[in-house]
Amino acid sequence: AVRAQFRRVDIGRGESVVLATLLDVSEQDAVERMRTDFVAYASHELRTPLAALTGFIETLRGPAADDPPAQQRFLGVMAGQAARMQRLLDRLLMLSRVQMSEHRKPRGQVDPAAVIARVRDETAPLLDGGPATLHIDMADDLPSFPGDSDQVVQVLLNLIENAIKYGSGESDRAVRIGLRVRQAAPSAMVGVDVGATGGARNGIAFAVTDNGPGIEARHLPRLTERFYRVEGTAARRTGTGLGLAIVKHIIDRHDGRLTIDSVVGRGTAFTVWFPLAG
Ligand code: ADP
């Protein structure tokens with residue numbers, strides 16, 4: 001059975017398009033519905049900055065054509081919107097790549113010390129001159145674990161970027177970010193478990209902590225959902241809601257675990273854990 005849905009979508013400036021969706025009602029399972037939603041949601045997220053860009057282009061051509069100061073202002077806003085689209089597309093591609101890799105287990109070995117060296121290098125430009133500082137505390141002689149080094153680095157970068165983005169809240173307060181690496185059993189992890197596939201074996205735990213505003217407990221179980229953002233934070237302006245979804249996919253692929261421990265007004269700790277072989 002096939003059902004057609006038509007939806008008129010306002011694309012701004014009085015124009016609209018009609019979207020037609022054909023649904024195979026009999027076969028459509030939950031996964032398919034989610035994917036349909038995903039595309040709709042991603043399109044919506046991209047359309048918002050695009051509509052703003054289109055609007056500003058019209059204004060630059062028309063009303064602001066002879067107003068250089070206004071032009072400069074608008075160009076600044078346009079650059080911001082373009083950057084937002086770029087961020088969103090980067091994240092969507094990253095999520096898609098991670099999802100495509102998910103059906104095969106990673107083959108490589110991950111050296112924690114090499115991961116930390118890369119994280120240190122790649123976060124340096126983000127921290128340079130900003131209000132956040134990164135403090136690394138790594139145990140000596142940590143063993144390697146089976147995994148994909150690029151993806152493990154990606155997990156830590158996403159968590160540290162979040163600590164930088166959200167850590168200072170709405171102020172310019174200095175944020176102290178900790179990155180602690182230890183060999184540990186998963187039972188040693190504190191906080192709300194948001195991806196418990198890992199067993200009781202030994203593994204390597206990476207904890208990213210910040211002294212930022214913290215996250216209310218009711219949000220914690222939902223943070224790794226695609227596009228989930230906590231309203232009323234800097235998230236609306238800068239976030240895509242995909243960073244932690246990417247983190248969770250990578251951890252699941254590694255049979256790892258993720259816990260979040262947060263106290264409002266005090267800060268947040270994200271701990272990711274990867275099992276050692278055997
Ligand atoms: P985004 O890509 O928008 O940053 P994430 O999936 O990475 O989205 O994060 C989801 C939400 O979790 C964010 O909207 C933010 O409100 C919250 N969050 C993530 N990390 C932190 C943190 N370190 N401190 C406070 N809030 C955080």
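Every value quoted in this text rests on a predicted model; they were computed, and no experiment measured them. Index from 1, following the sequence. The basis for the numbers below is simple: all heavy atoms, side chains too, and nothing from hydrogens, waters or symmetry mates. Read the numbers this way: they start at 1 and go in the same order the structure lists the ligands and their atoms.
The shortest heavy-atom distance from Lys165 to ligand 1 is under 4.0 Å. Between Gly241 and ligand 1 there is a heavy-atom distance shorter than 4.0 Å. Taking a 4.0 Å cut-off on heavy atoms, His219 fails to register as neighbouring ligand 1.
Applying the 4.0 Å criterion to heavy atoms of Thr240 picks out, from ligand 1, the atoms 1 (P), 2 (O), 3 (O). Residue Ile215 approaches ligand 1 through these ligand atoms, each under 4.0 Å from one of its heavy atoms: 18 (N), 21 (C), 25 (C), 26 (N), 27 (C). Near Asp210, meaning under 4.0 Å from one of its heavy atoms, ligand 1 places the atoms 22 (C), 23 (N), 24 (N). For ligand 1, the atoms lying closer than 4.0 Å to a non-hydrogen atom of Arg229 are 14 (O). Of all atoms in ligand 1, numbered sequentially from 1 with element shown, those under 4.0 Å from a heavy atom of Phe270 are 20 (N), 23 (N). Residue-ligand proximity, Gly243 to ligand 1, at heavy-atom distances under 4.0 Å covers atoms 2 (O), 5 (P), 6 (O), 7 (O), 8 (O).
The CG atom of Asp148 lies 12.0 Å from the CZ atom of Arg107; values are rounded to the nearest 0.5 Å. The structure places OG1 of Thr224 at 12.0 Å from CD1 of Ile246, a figure rounded to the nearest 0.5 Å.
Residue contacts with ligand 1: Leu244 is placed with a nitrogen or oxygen under 3.5 Å of a nitrogen or oxygen of the ligand (distance criterion only). Looking at Tyr166 next to ligand 1, an N or O pair under 3.5 Å apart turns up.
Ring-plane geometry between Phe145 and Phe274 is classed as parallel, the angle between the planes falling under 30 degrees on a 0 to 90 degree scale with a further cut at 60.
For Arg91, every heavy-atom contact with ligand 1 shorter than 4.0 Å involves the side chain, none the backbone.
In this structure, Ser43 contributes its side chain and Val39 its backbone to a donor-acceptor pair below 3.5 Å. Formation of a donor-acceptor pair under 3.5 Å by the Lys105 side chain with backbone atoms of Arg253 is found in this model.
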Apply the test side-chain contact (heavy atoms from CB on, under 4.5 Å) to residues Ile177 and Thr123: give CA-CA distance (whole Å), side-chain angles for both, the deciding distance (0.1 Å), then the verdict.
CA-CA 11 Å; Ile177 302 166; Thr123 52; over 6 Å; no
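Residues Gln154 and Asn158 have side chains that bring a donor and an acceptor to within less than 3.5 angstrom of each other.
For Arg87 and Glu161, the salt-bridge test fails: no basic side-chain N is under 4.0 Å from an acidic carboxylate O.
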